[in-house]
Structure formats: C-alpha cells, structure tokens
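Take a look at the structure below.
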Amino acid sequence: MTVRDPLTGLTGFTDIKTPLAEIEQPPFEIPRTVPKLRYFLQAALALEFLTIPPYLTAMYTIKPGANQEAWYALRAVVLEEMLHMTLVANMLNAVGGKPVVADPRFVTDYPAKLPYAKEQVPIALRGFGREAIRTGLWIERPEKMEDLPRTGKEPDPRGWTSIGQFYATIREGMRRLAEKQPDLFDGDLTRQVGPEDFYNSGGRAFPVTDLASALKAIELISEQGEGVPGSIYNPDERLFGQANELAHYFRFMEVHEERRYGPLDTPASGPTGPALPIDWTAAYRIDPQAKVADYPPDSEVRLAAEHFNQVYARLLWLLDRSFNGEPKQLQAAIPVMLELRDLAAQLYANPHPDPARAAKGVHASATFEITQAELLAAKKQLDTGAGATALLASLA
Amino acid sequence: MSPARDLDGHRYDVIVVGAGWAGSLVAKRLGSQGWRVLVLEAGTTTLDTWPGHLDAMNTFYSSLIKVPNAPYRANTAAPSPSVLDTVPHKGVHRYQSVGYLVQEGPLPYGTDYLRAGGGTGMHWLGLTPRMLPQDFKVRTEFGYGRDWPIGYDDLQHWYCEAEREIGVAGDAAEQTREIGLPFPEGYVFPMHEIPSSYVDRVMAEHLDGKTVVDPGTDEPVELRVVNTPHGRNSTPNQAYDGGRGFRPQDAVGLPNYGERCVGNASCTPICPVQAKYNPLKTQAQWSRKVTLIDRAVVSRVLVADNGRVTGVEYQAYDDPATPVATTRTVEADVVVVAAHAIESARLLLASELANSSDQVGRNLMDHPVMLAWGLMPHQVGPFRGPGSTSAFERFRMGESRKEHAPWRLVIANWGWTWAAGSPGSDVAEMLGIPETPFQQRKKALYGVPLRERLGDRIGRQIAFQFELEQDAQPGNRVTIDRRHRDALGNCRPILSYDLSDHVKKGMQAAMGVSHQIFDLLGAEERTAYQADAPSYFEYEGTGYAFNGAGHGCGTHVMGDDRRTSVVDQWQRSWDHANLYLVGCGSMPSIGTSNPSLTMSALALRSVERIHQDLTELHRPLVLRPAPAPEYAHPTEARP
Amino acid sequence: MTTGVPLTAGPLANAALPDAPPPAPPATEIDRFVALSVALTGFDAFELQGTGMAGFYLKTVVEQVGRRPYDALRKAMEQVGFDPEKLQGDVDQDLARAVTHLWYLGVWPPLSAEVHAQLQRQVANDAFTAAPEAYVQGLVWRTFHGHPQGAKAPGFGTWAAPPPGEPELPRPGEPARHHDGTTGGTR
Ligand SMILES: Cc1cc2nc3c(=O)[nH]c(=O)nc-3n(C[C@H](O)[C@H](O)[C@H](O)COP(=O)(O)OP(=O)(O)OC[C@H]3O[C@@H](n4cnc5c(N)ncnc54)[C@H](O)[C@@H]3O)c2cc1C
Ligand code: SF4
C-alpha cells in the first residue's frame, strides 16, 4: 500500500503488503452517558498504548552510541506516552471505570492501522529509519481543529478524522456530563496514580478529581504530542514549570529533516536551525512485519523472542494493577521496561535466523505479541512474587 | 581572548573563587539576595552541557582503570591529582607521588579532587550523613583533636537547609532511633530513603542484634544495619516542608531529563542519569546576578594596606592543553575562597594572607579508609545500586573514642571493586594473565567453567569500608615551595601526611571487629594488605594499608581564638574581615561523617553573615559622633 | 529551550560505533569467529551476537595480531574439537586468553612478552578498551546477573531484590515476609 502524507507530500510505507489490524474505535459521536464515556476512555488507553511498541522498536534498533539525539527524542516521547496512558487511566478511574490492560484484546497486532484517521496508515514495528520517524509524524501530527461529531437523532456519518478530534470529543462529552452530574469525578481516590508513583522527565502524573484536572489531563495529552496550538512547543512549561520543550511531532520533524528548530521557528516555517546529522545506516535493519512464528522452533532467536513476549506480558499486568488500585506497582513496571530494553537489544543485534535474510542484512526482532496463554503465565509468575516486583511495590 | 572574560577594572559585590560545591551554593544564595556575584573557575565548564556529559561518559567507558577522575579530561592549566598518582616506591617512604601533588610525608594522601566546573562534587559518592552532636567537642569529651566554636544546635537549621539544597533522601526517624540524631519536631527528609541493597539485607539478616567486642576497650558493641541518607533522587516525600512536598532538580544540560536513581552503580566516578546531586544542579538555579568565568585560575587574593582584601588576580587561558595565560585582576567588596580544602590553602599561602595564626594549610584531615573483603557462602548480588546504602553506626560514638579513633563501618555494594579491582582482576586471574607481560602465564579456564566460576566468585563478593575519623594534627599540612610549580607557574601543593597513633589504634580495633564480623557471617575473609602497597605501614607488629576517602578537610580551621585558628565561626578570616574561606577546610574535626553536608550547612550559614556584611557596607553613610574603629574584626567589635 | 541544544558528543559518538567502515568482514567469517568464541567464553551464539560486537571484535583481533596467527588459532581450535583446554603452543594459548578477555571485559589485554615478540607485532603491547561500547557489552557482568557499572541500569530499587535463586529478605529492621517463587531476571 502507498500512503501520501498531506503535510510533507511524501509517499511511503510501500513495503507493507498484509492487511492492517484495527483497534476498536467508538462510534463517531459525543459520549452522552457515563458508561459511554468510560468506553471512550478505555479506547483512549488503547490508543496511547498502541504507540509505545513502534517507538521502542525505533529506539532500540539504533546501534549503540549512534544517533544519540534521535535516541533521546524517542526516549522522551515514550516516557510521555507512558504518562498519557497513566493520565487516561486516572480519568477512567475518576469516572468510576476499570481500566483494562492485561487482555489480549487490549494489545493490537502490528502492523496496525492508524486509528481515528481516514488514511490507511500502517503503524508497524520498524527499525530506526526515515519510515519509522514518518510513522511517528503521522501519529503525532497536529490538526487544524476538525468538527466534532454532530448531535442529532441520526448517527453522524462522517467518521473520525484525527486523534485530536477524538480527544476533543471526549473533552466535550466530559464537560456536558459534568454539568448534569456534579459527582461525575467521584471515583475512588486510592485508584489514582500520583506524582509519588510516576515522576520522570516528561512531567509527573497527577490525580484526576474534578473537571478541571480532567481537562488539564486532556490538554497535556494533546499538546505534548502536537504542540500548543500554533507553536512547536509542548505545554510543560505552563503545566509543570519545566523547561520549554518541543512537542513530539516537532521532535520527529527535526530528526526527519536532520535540522533543528531555531528560536523563531514556527510549525509553518519548519526547522531552520543548525544541522542535525543523522546516520540512517547506524541502525539494525529488521522486518517490520516480523512474528515469532517466522523463527524456527527451538532456535535461540525463537526462544529469546518468546521470552521477550513473556516479559512484555508481565509489564501489561503491572500496568493493569497500577491502574486498578495498586498505583505502587508502577514503580515495578519501570525495571521491567528496562529488562525489555536489554532483551530487545540482544534480539536486534542478532542476524535473522533465516540465512537468506541474514545475508541481506536483516536482523531478528522483538515482536510484541501477546496471547492469553502468555498473560496467564505472567500472572502466575507475578502472583508467586517473582523477581524484584513484589518487593519494589512494597517500597516507599 | 574573548572580551567577556576581560574583567580588568570591573567591580563586583562578591567574588567567589571556585565553581565547585561550596562556591556554587554560596553564589546561588547571594545571587538570589540580589548581590552581584562573580564566580571564577579554574577549570573548564564542559560538563554542564549534554554533549559534555556524554563525552565524559564515553571517556569513562573507555578508561582502563575507572578511578574517580577517569571521566574528566586532563587540564594542564588547572591540573587535578589522581588516585593513580601514588605509586609504590623503594626509598625513604614506600610510595612516591608522580602527579600534581608533591608529597613528602611518611604516608600518602591517597586521594583526588577535580578542578573543573562542578568540582569534586561531580564524582562524589553521594552519602550525606550528619555529624553527631558529640563530634563537635572531641577535645573536651574525648581528649583528642580540636573542638568547634559552635555545636550541632547552631547547625540544626542549616543542616535542614543543606538537605533541601542537595535534595537528601533518607529516613529521619531511623536516624534518631539508631544514631540519636536530633531533628526539628516532625522533620522528614525531602525524599524517602534510598532502598537498602540486597547486600545490606543479607548483613542485617546475619548480624542485626548480634554483638562484637571492641578489642580496644573490651566492650561489646551491638550491630545494626542502618540506612544512610543520600544526596540522590528517590521518591519525593509528600510530607516534606509541611506537606508541600519536594521537587527534585532535573539533570543539567538536557531539559526535563532527570530521574530517580536507576541503579547505574557508577555514582563515583559519574552518574549517567544525574540522579545524584552535583553542584551543576545548583548552578542551574543561579540568578542573573551571578556571572561565571571559567578557565580563570585565581593566583592571588589581593589585599590593601588596611588589611581588607580588594579582589583577586587570575590567569585567564583558552586551551587547557596549551597553558598560555593572561593575568588579570578584578575587585569586589567581599572575596569568598571556595577552591577545595587543599587548593584554598595553597592559594592563601601563595597570597601570603590570613596566616597570622600559622595554621593555614595545617590540620589536613581525611577519613582513612581501611578495606576488608571476603566471600559469602551464597550469591549476594553485588555491583548493583549506589556504592553503599547502609552502614553499622555504633562504632562512631561513645567512650571508646578516648581509646582509639571511631569509624563508620560502611557496607559496600560493589564487591571488591575498590579492594581488588574486581571484576577485571577476577577475569585476568582466571585466564592466567598476570600483572605484567613478563611474568609467567598460568593455565586459563575457558568456556562454561569460566563463566560459572566467575559468576560464583564475583556474585559472592562482599566488602566493608572502615572510615576512620582522623584527628587534627598540625604536622599534617599543605605547604608551597617556589621550586614546585605547575604549567602556569602556580605553586603546586606540597603535602605532608601521616596517621596519628589514635587513628592507628582505631585501625587495630577495626581489624579485630572485622574478623568477628566475617566469622558471624560465615564468610571467608580475603583481606590482605600487600607490603608493597603505597600506604602500607606496620603498627605493633601488624601490617595495615588504607585508602583516601577524598574528604580533604581542615586546612583553614575555625575556632574562637584568632591566635590558634584561621577563621571564625562564620568562616571569616580573622586577619581580613571581608575574606571568607568556605569549605571543608574550616572544619576543626570531622567525626565519622562524609563531610559535604556539614560543609554545605556551614556555607549556607556563612551566606547569612556575608549578606549582613554587604548590607552594612551598602547602608547609606550617616555621620555619627564617634565612628567605630575601622576594620576591626566584627566579632571582636561586638563581643 | 530545547532548540539549538546539540546532543552529539561529536567524534566520540562515532568512535562508539562498533562497525563503522572499513567494511565489516563477511557474515560467514563472523559466524566462524562466533563459533570459536562460544567455546572460549561459555556464552552461546545468540548471547555473543546479542552484544552487537562480534564483527568489531574480529576486526580488533586481526588488527592486533595479524591475519595469519588468527587463522592459525581458528584452525587449531577446529583441530582440538573446540576444546580450548587442549590448545598447545604459547601463541595459540595466549591468543585464546586475549580473545576471551576481550569478550569478557571489552579490553584487549597485553600478550605475554614472548608471544608479543614472536608475532613481531607492530603495535604496543598495551591494554586498551576496544571501544566505549565494548566496556558496556562486557560479558563478565552477565556471569552474576549484573550489569556494567554506568550502563544498562536496571531501575530504581532493583538492587534491593535478590539475585536469581536467592530468597527474598526483608529490609533491615523489618520482620521477614515469605514467599517461595522463583526469581525473574535475564536468561
Ligand atoms: C571519590 C570521592 C568521593 C566522595 N564522596 C563523598 C560522599 O559520599 N559524601 C560527602 O559528603 N563527600 C564526599 N566527597 C567529598 C566531596 O566531594 C568534597 O567534600 C566536596 O566536593 C568539597 O567541595 P568544595 O567546594 O570545597 O571543593 P570542590 O568541589 O572541589 O570545588 C572546588 C572548585 O574550585 C575550583 N578551583 C580550585 N582552585 C582554583 C583556583 N585557583 N582558582 C579558581 N578556581 C579554583 C576547582 O576547579 C573546583 O571547581 C567525596 C570525594 C571524593 C574524591
Ligand atoms: S546508582 Fe546509578 S543512577 Fe543511582 S546515583 Fe549512582 S550512578 Fe546514579
């Protein structure tokens, strides 16, 4: 398939031949009941999570020591996506919902279709390269504000056109519901993840306890990605008193264009600052559609790829628990992410087990596949207190 | 020469010499009070950018021996000592100093400091224990060393302030319970404690509640593993500051990148994520009133006939590799020398200042570190987390101090890295590779047996650091001699260093305690002091060796008598009322606490006094019938 | 402001690149080097390849001792059925030591003085870290489930957890908590 990017005018993604997986999207309407709102927020959770594996893949396929600016850009974006997930979970908990994470339906297959968009943009697990960065540009692209769904008797036939529009719709739904229902945000406070449990570069989590904090969360999520409207910066300075920082889209744009934004640059000007040389070859080449099943059974790569997915399943459980009444578990999630980093790096450094593909310079992949069996095994492991996790969750 | 650095003729309210730890704190506070502060830094300031930090990381990765100064680039204009400079030698002494420091004493001062923006605090380990109330009066209470002119209570407020500036993580209630430290009512540290390591937990499991006998006094001492306060990020304590919580400072040079300690286990020499406090984090908070000039080696403090200092002379250079400098001067109302204990003394001696007491450079102290190491019967997970997270604290206090020097018994988390150069030395040993190419090679172990033997050996490594209090001795001193100069022509520090019998008795007792602890642990003790080690000495028939801790103190001690001390309790020179000497050099005794927290408390306390001095100086002139005598020392003028 | 902050550590970032040109040796040669290294180090091919250093180390070895002595070592290893214990001859033995040392620590060690002379090496017989990344990828840390000091940090508080196979222990001063699960950790 070929996709033309209306912003850059570039066509790309011609390498993806298989049909794209789609995550479940709510109907194109403003949520008018609390259960509907919860459904929307659960969909938002899945949306935030969808972006993390592609970014991690791009980051960990960069060869050690190379392209450090791109590496740090991706790292910052991943951490902010984690924060977004956490804030969405806080909103969902605030309105009495129960976030679902450790469920095979929560995790999409890749390549997936970019949700809330008309175009068929494949979100694939790509090694670091222009296409990977372009995928990020698609995910984070700033929108001129599209119309919200119309409220009428008939369903609005137009359908979603952007992620920004999706969040604006949630915001509108929350606003209207809060007017009618003053206790909308009266969810159990102990389920909220606070700054004690999540602080890092990229802001700190805050509890959602009323409409104001919910709106702040939505604003943060949209603007860390796309920028404060009309600007290339994210809202951290205003919201957290942190240093002025580029929004995700513009960070990716810098890498893509191999040039930095200057102090006077705007979204329209593009980056005109100093050059930012990227070595596109200093990355492991991988198959963007790799699956565990591609690797011969019992091969070292197969075992490692499976092991990776088991640890990934453990991460899902920790997130699930963090968002369901045990916020301290979030501390245990970070070491698991770092463990995933090391396991993934080993995979990417290994040649593809198929000699023909290895000869073409293709390397093995972490596939981020999750099955029910893996989730069950991971849960059992956690319940017996495996590794650092039980202990970490008891700290502080 | 960039015009910005040509300050000839400029005048500031305050000049701070040294953009290290103490200097950065002083500049921050004075700057935010509105004073125009000039900070002159001898070294380069590349570490406050992210590329500079990454460069240091790569230099560290590449270095063969990962000593504290390994990540930092050499600078011939402002040289720094290295721990590799003291080498074995067969001569009058067993050692020779081949680097920047000239050493002439019986024993080596075997440690370093860093002359670059941020100073030695770039590679400190990050432990911030307070001193004990009894540490301030060792002469009166225990009959050795020197007393302070002030006590713990005078510092209480400033300790709290220092803990805020550094962002200390710890458990204040435990510090009171186990060590008896008084805190203000309801006080908590800015952050929750850094989790105790698995090694600590193993120690606690085997040793908590057990007793050992102090061979120096025959008294039993109870063992208890106590978590150490740290200057590194953990979880902010929401209860801090009356419920306002605490916001840790980000990394320097990369916006919004700052995180909790992630366990890189390289705090000394460099923390990759900057979870550990370093003075550049304080510099990042400087107001616009503070100007920093780097590559400016202060060579003299200038003084007028009336005894007041007028400013400083400094050597501005461009290229740290080719030391060619231009000499310049700059003036100020107050000069603060904060160049590190040894360098501050060197500068005063070179300026021929502040020394009517003849104490400048004397009373040099460190915490001599006696290492003890061994193998546990099982895996303990070493080389993880900060260098140390806990200690046994009971040996720091009490009547035994009359008999021998006290110590802090620090539990090391990094196996034998300091004691024996692990894990590199283990690999070499098992491959049969000797120290030099000329020695006979042994049979090597390979394959799975090699992997397993190494894992078994390294994973069981434990080590203790007995960090002893060193008492102030006038003979332990820094001097200068025109024959020993550096590339810019500045006199290099000449050290004469030794351990008193009080300290040696402490080592003797510590060794006895060490044996008992290895027994209680069921561990195999591997401690061995080589007779050709630079610091090797014998005491009452037994051989010992020790390392430096990097805690240089006591070269411009404070006191309440101008005849016997260099500065007053405000760290103000007795001889020059507008000259402050700020740093560990002011400490007349150092207890068994790593000194930088106490140093910071003292520095912040001095800022209050400097602020008062400046305010008085700048007060509009009012004619009075009988003017007070000019330039008398303020504390004498106001008894 | 993030704009204008250059993030590269300049030339060193490039020095860190394990396989910058001149062209890396063809894959099969790397495979053979890895096979030999498996026998020397006790780590399997996946783990060795997983460091990303195989090609760079091969290049380093050849640069240090020359093509022929390296080929000789390889043949000798084949002849002894990849059992390095059976290697004869000072040169082969010392090269085997050096290759193993390189994998374990990222450091090329000095050879014995005789072997150095025998090989007529044109380079100094000094130890050096092959590349910043070589230190980070040292195998020694894996032998005890650790990580290199200053890299691959495992996360806040992980140092409090037991190494694989050891029991959980309470923090000092706390009553013991019991559970009997196996420990997680890396392969
Ligand atoms: C390996 C190691 C580990 C340590 N760990 C700990 C610990 O865990 N806990 C603890 O409390 N302490 C620790 N310390 C001690 C701590 O680092 C020092 O106490 C502290 O840095 C001293 O601060 P300072 O400001 O006096 O000196 P520095 O921090 O050294 O700063 C002095 C500054 O002055 C500059 N300077 C020097 N000469 C001149 C000149 N002529 N002109 C202009 N500028 C000049 C220097 O370049 C430097 O920037 C450790 C030290 C070492 C070496
Ligand atoms: S353990 Fe690591 S992350 Fe923590 S302070 Fe030390 S170096 Fe920094």
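Chain A is the first sequence line, chain B the second, and so forth, proteins listed ahead of strands; every chain is numbered from 1. A quick note: this is a predicted structure, and the numbers were derived from the prediction, not measured.
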What part of [X] lies closer than 4.5 angstrom to a heavy atom of chain C: side chain, backbone, both or neither?
X         : value
Val202(B) : both
Thr49(B)  : neither
Ala265(B) : both
Ser390(B) : neither
Met203(B) : neither
Gln379(B) : both

For the residue pair [X] and [Y], establish whether any side-chain heavy-atom pair is separated by less than 4.5 Å.
X         : Y         : result
His101(C) : Ile433(B) : yes
Arg224(B) : Pro172(C) : no
Thr41(C)  : Leu450(B) : no

Please state whether the side chain, the backbone, both or neither of [X] comes within less than 4.5 Å of a heavy atom of chain B.
X         : result
Ala151(C) : both
Leu105(C) : side chain
Pro148(C) : backbone
Asp94(C)  : side chain
Phe43(C)  : both
Ala96(C)  : both
Pro109(C) : side chain

Give me the atom names and distance for the closest heavy-atom approach of [X] to [Y].
X         : Y         : answer
Leu64(B)  : Thr129(C) : CD2-OG1, 3.8 Å
Lys443(B) : Glu85(C)  : NZ-O, 3.5 Å
Pro170(C) : Arg201(B) : O-CG, 3.3 Å

Is the number of heavy atoms from other residues, nucleotides or ligands within 6.0 Å of CG (Asp90(C)) greater than 12? no

Heavy atoms of other groups near Arg121(C) CZ, more than 12 under 6.0 Å: yes

Which one wins on heavy-atom pair count under 4.5 Å against chain C: [options]?
options                                  : value
Val427(B), Val448(B), Asp456(B)          : Val427(B)
Glu452(B), Lys66(B), Met57(B)            : Lys66(B)
Gly209(B), Gly381(B), Pro423(B)          : Pro423(B)
Pro386(B), Ser63(B), Ala56(B), Pro269(B) : Pro386(B)

Please determine whether side chain to side chain contact (heavy atoms under 4.5 Å, CB included) holds for the pair Tyr135(C) and Ser62(B), giving the CA-CA distance in whole Å, both sets of side-chain angles, and the decisive distance to 0.1 Å. CA-CA 7 Å; Tyr135(C) 163 74; Ser62(B) 302; over 6 Å; no

Out of Ala98(C), Ala127(C), Gly138(C), return the one with the most heavy atom pairs under 4.5 angstrom to chain B. Ala127(C)

Leading residue by heavy atom contact count with chain B [cutoff under 4.5 Å; candidates Pro84(C), Gly146(C), Pro110(C)]: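 Option with the greatest count: Pro84(C).
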
Just checking Trp159(C) against Tyr198(B), ring centres under 6.0 Å apart? no

Pairwise distance [atom1]([X]) to [atom2]([Y]) - rounded to 0.5 angstrom:
X         : Y         : atom1 : atom2 : answer
Gln149(C) : Ile270(B) : CD    : CD1   : 13.5 Å
Arg457(B) : Phe144(C) : CZ    : CZ    : 12.5 Å
Ser112(C) : Gln440(B) : OG    : CD    : 8.5 Å

Between Arg451(B) and Tyr104(C), is the side chain to side chain contact (heavy atoms under 4.5 Å, CB included) condition met? List the steps. CA-CA 9 Å; Arg451(B) 179 180 182 165; Tyr104(C) 267 84; 3.5 Å; yes

Could you check Thr100(C) against Tyr446(B) for side chain to side chain contact (heavy atoms under 4.5 Å, CB included), going step by step and ending with a plain yes or no? CA-CA 8 Å; Thr100(C) 315; Tyr446(B) 290 110; 3.5 Å; yes

Answer yes when Glu114(C) and Arg441(B) have at least one side-chain N-carboxylate O distance shorter than 4.0 Å, and no when they do not. no

Is any NZ, NE, NH1 or NH2 atom of the basic residue among Glu193(B) and Arg171(C) found under 4.0 Å from an Asp or Glu carboxylate oxygen of the other?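 A salt bridge is present here (some side-chain N lies under 4.0 Å from a carboxylate O).
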
Evaluate side chain to side chain contact (heavy atoms under 4.5 Å, CB included) for Val136(C) paired with Tyr61(B), printing each intermediate quantity in order. CA-CA 7 Å; Val136(C) 172; Tyr61(B) 289 152; 3.7 Å; yes

Is the backbone N or O of Leu431(B) less than 3.5 Å from a side-chain atom of Arg97(C), with the two atoms forming a donor-acceptor pair by type? yes

Look at the side chain of His147(C) and the backbone N and O of Gly263(B), then say whether any donor-acceptor pair between them is shorter than 3.5 Å. yes

